[in-house]
Amino acid sequence: IPFICATGGKPCPNSMVEGLACGLPVLISSVSPMADFVRHHRCGIVFQPTAESLNEALDRGCDTYATLSKKSLEVAKSHFSQRTYVKKIAAIYDKLSHRR
């Protein structure tokens with residue numbers, strides 16, 4: 001996710017979620033809205049929006065691929081699975097229905 005500014009694309013690109021679900025760690029620039037999420041969940045490498053930093057991120061990603069891949073799958077299951085989505089939507093509807 002090589003954003004060079006925070007408004008460079010979707011806040012949470014589908015390609016990132018699909019990659020996580022396949023165990024593919026995220027390479028994401030620090031200006032992307034999802035950079036803090038990736039950093040917090042350790043499911044990829046956050047880099048500065050420069051060619052040098054991207055190259056370093058690729059090297060670090062290759063060196064730690066097995067660990068990052070495992071974390072990617074865990075994050076996909078815990079945050080982006082259909083089951084999680086349905087639970088979150090149900091909680092919203094439940095909260096709204098009790099407001100009346």
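- The environment of Ile89 atom CD1 is dense: over 12 non-hydrogen atoms of other residues, nucleotides or ligands sit within 6.0 angstrom.
- By the 4.5 Å heavy-atom criterion applied to side chains, Val46 and Ser32 are not counted as neighbours.
- Leu24 forms part of a hydrophobic cluster together with Tyr65, judged by ILVMFWY side-chain heavy-atom separations under 4.5 Å.
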Please set out all donor-acceptor pairs under 3.5 angstrom arising from side-chain atoms of residues 66-75, sequence neighbours excluded.
unit_1 : atom_1 : unit_2 : atom_2 : d
Ser69  : OG     : Gly23  : O      : 2.7
Ser72  : OG     : Cys43  : O      : 3.2
Ser72  : OG     : Leu68  : O      : 2.8

List the steps, then state whether side-chain contact (heavy atoms from CB on, under 4.5 Å) holds for Asp36 with Arg39. CA-CA 5 Å; Asp36 287 338; Arg39 194 178 287 119; 2.7 Å; yes

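- Arg60 CZ: more than 12 foreign heavy atoms inside a 6.0 Å radius.
- We find the NZ-CZ distance between Lys10 and Phe3 to be 9.5 Å, quoted to the nearest 0.5 Å.
- Looking at residues two or more places apart in sequence or on another chain, you find a ring-ring contact (aromatic ring centres under 6.0 Å, His included) between Phe37 and His41, His79, Phe80.
- Using a 4.5 Å cut-off on side-chain heavy atoms (C-beta onward), Pro49 and Ser30 make contact.
- The NZ atom of Lys88 sits 9.0 Å away from atom CD1 of Ile92, with the distance rounded to the nearest 0.5 Å.
- The minimum heavy-atom distance linking Ile45 with Val38 is given by the pair N-CG1, 4.2 Å.
- Residues Met34 and Ile1 form no side-chain contact, since every pair of their non-hydrogen atoms from C-beta on lies 4.5 Å or further apart.
- Transitive grouping of hydrophobic side chains (ILVMFWY, heavy atoms separated by less than 4.5 Å) brings Val31 and Val26 into a common cluster.
- In terms of heavy-atom proximity, Ser29 sits nearest to Pro2 at OG-C, 4.0 Å.
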